[in-house]
Structures are given as structure tokens and as C-alpha cells.
2 protein chains.
Amino acid sequence: MIAIEVLEKYGALKKSFDKSEIIFEEGNLPTHYYQIISGEIKMSNYNDDGREFIQGIFYKDQSFGEPPLFLNQNYPANAIAVENSEVLLLPKNKFMKLLEENPKVSIKIIENLAQRLYYKSVMAAEMSTQEPEHRVLKLIDHGIAYFNFKKEENGYLINFTRQQIGDLTGLRVETVIRTIKSLEKKGVLKIINRKVYR
Amino acid sequence: MIAIEVLEKYGALKKSFDKSEIIFEEGNLPTHYYQIISGEIKMSNYNDDGREFIQGIFYKDQSFGEPPLFLNQNYPANAIAVENSEVLLLPKNKFMKLLEENPKVSIKIIENLAQRLYYKSVMAAEMSTQEPEHRVLKLIDHGIAYFNFKKEENGYLINFTRQQIGDLTGLRVETVIRTIKSLEKKGVLKIINRKVYR
DNA sequence: CTTGTTTTATGATTTTAATCATAAATAGGA
DNA sequence: TCCTATTTATGATTAAAATCATAAAACAAG
């Protein structure tokens, strides 16, 4: 998103997070801008009885957690490293200075937020009104464009577990497993030794 | 959001929409920035069997439909006037010029998008994992802060129909009616001649 | 290489909101 | 003011995904 040199110029520091390590927690006030150098970070909520909902998964060069930073509101979700990851942290006041002095960066931020809002709009409509097959397929097709699914000989490899797909679509693992099976039977995707291709 | 004089300086024109009139449709490419002068606009989707999902409801001084404008993507939803409304329209190229020449406006846009993303994050988590009572209550409490619910002697008047609440939360009217009844019985809100107060 | 954990898998049962049916109350328009 | 459409309301039934139970396969860690 923002060039690393620019971030470092304003005083950003690199920090490493082990797999499963928490980066920030729901309910806390934001203090930094976060941008991923390497690894994979998820933002998610846990409801009253421990069920997870994944707000989004972020990769190299992507930022996360800005909305509450701009609004001075508490984080609505947790950020957790899915893999060992390196993240650049820039304190809020320095980040705001960076923005003021680099109007082009503001445009980049706008485009990024717009992109995420677009994804949320599409998924919200799906999740509220559509049946499981529709939901899962929409997530997968969206993922091809926005998550880092890689094209292989059998199609795009959907490198999400069934559980992750469930947590992203609001479905249960068993339902996802059955849904994917049914989608395969209909020929819209392939399962090759348990991996899903589209 | 953006001062009317500034918008007009860049060539924005006022346009009136009658109740139920369509402002733009899902699938079309954005051409303008829209900001409400008066009235009420909803953005919503219709799924395969005609069921509606309301993405958001917007009032005086609010803008809508920017994400696809910034991304050059098709609108993911329709915009329809809920009441007779007046809207300022600014063509995309002039809007982009305005942004470039007024960095402070960019910050405003960022804050606005951040706000909407925050709402969507909260509602997405609710809609995917929580039971109807939780969902409806979250929408109402969110609405007190962000929709224009007005404080009256009995509390905040939730000026949504049961159907609208359903379309915003992904529930059916009957379920919303029963849920609201049950919430009243628990004492968390009031129903006074069919109107809901919180 | 062994062991513990995660992921995928399947069948049976239950729960819960959707659906269907019907109607009264209210609001809005002619 | 009357008529029509919308909104609220309630009961009965159904359908669909969640839940529960159980297990094999794959993977990761030591």
C-alpha cells in the first residue's frame, strides 16, 4: 500500500509476530498503522459462545485496522497472525503527519477502503439472503480477485480450510464440506486430494 | 460531508428524485458523486428470488455510492429514493479534480468510508453468528448513533418499519415482529402504539 | 518414526427461523 | 371520506442448516 521507504522515513518500525500471536484485540483503542511485510494476518470476532467470524485475511503489502484508527473508536475485531509474520508499525500521530504531507497517499488509502467496503457489501448481501452454495461460491470468486489464490494446472487453488470458509461466510464446517461436495458434483469446482480448485 | 459551496464551485448540479425513483442501478458503471441535500435514500440488493437486502440508508448531508466510483467497478447495489429527495450530482472527473485540489476533503472522505466500513464489520459479525434478538438490538443501537433516530420522551424513536429492519438484518418480517415483541417483554425496548422506542 | 492435533468426512437428530395462511389496524391517495 | 396498499400481527407447518457423534486421513512437532 504505502511505500516502505516512506513509512520508514516517518519512523515506522518492523515487528515480528509468531503464528497465532495477537497483534491487537477487540475493544482496545488503536495506536498504530499496520502494514504487512510478510506473512498472513486475520481479523476476526468471537461471539458469546466462542464462535469465530473472520472479517478478512490480509497478506504482504496490505494494511489492516485503519478504520477505527481514523475514527478514534475501539477495534471491532481482533488481529491475529495466521502465519509467522513481519509487520511495519507507525504510531498514529506520525501516520497522520505522513498523510497530511503526502496527499497522494490519501488517495491510495481511499481506494483501499473503497475496495474493502465493496467486498463487505457484496458479502453482506450474500450472507443475508443466499443459500450456502451461493455464499461459498461468491467468497471463492471474490477470493480469486482479492486474496492471493494462485493459478495452477487444475485452476485456482483455494488455499482456505473448510473451517476458514465457514468462518468467512457464517456457515458451519460440516455445511461447508457438504456444500463444496455438492458444488463439485455440479462441476463448478474440483476437489483434488482434498484441495479445492476453481 | 463536502460543503455545498465547494461542490457547486466545481459544477455540481441539484437533481430531484420522487419517492421510489431509482437513482442508479446495480451493475452500472458510476458516473457521478452523489450527496443528499434533503430526503432519504436507500441502497439495496435484490437476490434471485426478489428478496431485498438493504446495504444502508442515507440522509441529509450524506454521500453514497463512492466505493465503485473510486474503483471503476460496477455498482454492487441499487440506489432508490425512500422519500422525495434532492441530491447534488458532481461528474466523476470534476470530483477527482476537487479531491486533488482539496486534500482536507480527502481526509473527510476517508473518515466517512472508515465509518461505513466499521458499521459493516460490526453488522457482518452479528449477522453471521448471532441470534435474531442480538442482531436486531445491534442494528437499533447502531442506528441511534448513525441513523437519524430522534430522542423523544419515551426514548429514541426507531423510525424503521419491521420490514426495513428485516431487510437490514437479513431476517423475515414475521421474525422481526416476534423478536421485537420478545425484546419488549424483556424490557430492553418499548412498543407504544406500534412504534418502537429504545 | 511416533504422537498429538488439525482437517476432512458422514450419518442421525434437533432446533430455529422461514414459510404459509390469514387478518386486523393503520396510513396514504383519489 | 372511501378505498387500496402497507404495516403489524399470530398461529401452524416446513425446511434447512446447526448440532451431535464419531472417525479416518493428513499434517506438524518432537
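Quick caveat, the model's predicted, so the values are computed rather than measured. Each chain gets a letter, A, B and so on, in the order the sequences are listed, and its residues count up from 1.
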Requested in this report: Can you spot which of A:Y33, A:Y59, A:Y34 makes a ring-ring contact (aromatic ring centres under 6.0 Å, His included) with A:F64?
Outcome: A:Y34
**Report entry** Side chain A:T179, main chain A:E133, donor-acceptor under 3.5 Å
**Finding:** no
Query raised in the report: Quick one: B:R178 CZ to C:dC20 P, roughly how many Å, whole number?
Result: 14 Å
**Report entry** B:E83 CD - D:dT6 C1' separation (whole Å)
**Finding:** 14 Å
Query raised in the report: Nearest to the side chain of B:I177 - C:dT26, D:dT10, C:dA18?
Result: D:dT10
Query raised in the report: Can you tell me if the side-chain N/O atoms of B:T175 get under 4.0 Å from OP1 or OP2 in C:dA18?
Result: yes
Query raised in the report: Under 4.0 Å between a side-chain N or O of A:K181 and OP1 or OP2 of C:dT10?
Result: yes
Requested in this report: Answer yes or no: does a side-chain N or O of B:R162 lie under 4.0 Å from OP1 or OP2 of D:dT7?
Outcome: no
Query raised in the report: Out of D:dA17, C:dA18, C:dC20, which has the shortest distance to the side chain of B:R172?
Result: C:dA18
Requested in this report: For B:R116 and B:E66, run salt bridge (Lys or Arg N to Asp or Glu O under 4.0 Å): C-alpha distance rounded to whole Å, both residues' side-chain angles, the deciding distance at 0.1 Å, then the answer.
Outcome: CA-CA 11 Å; B:R116 279 148 69 180; B:E66 307 96 296; 3.1 Å; yes
Query raised in the report: C:dG11, D:dA18, D:dA17: which one has an atom nearest the side-chain heavy atoms of A:R51?
Result: D:dA18
Report summary line: Ranking D:dT8, D:dA17, C:dA17 by distance to the side chain of A:P132, first place goes to D:dA17
Query raised in the report: Are B:E52 and B:K42 within salt-bridge range, i.e. N to O under 4.0 Å?
Result: yes
Report summary line: Of A:K195 and A:E174, the one whose nearest nucleotide on DNA chain D sits closer to the 5' end is A:E174
Query raised in the report: Would one find a side-chain N or O of A:R194 under 4.0 angstrom from OP1 or OP2 of D:dA25?
Result: no
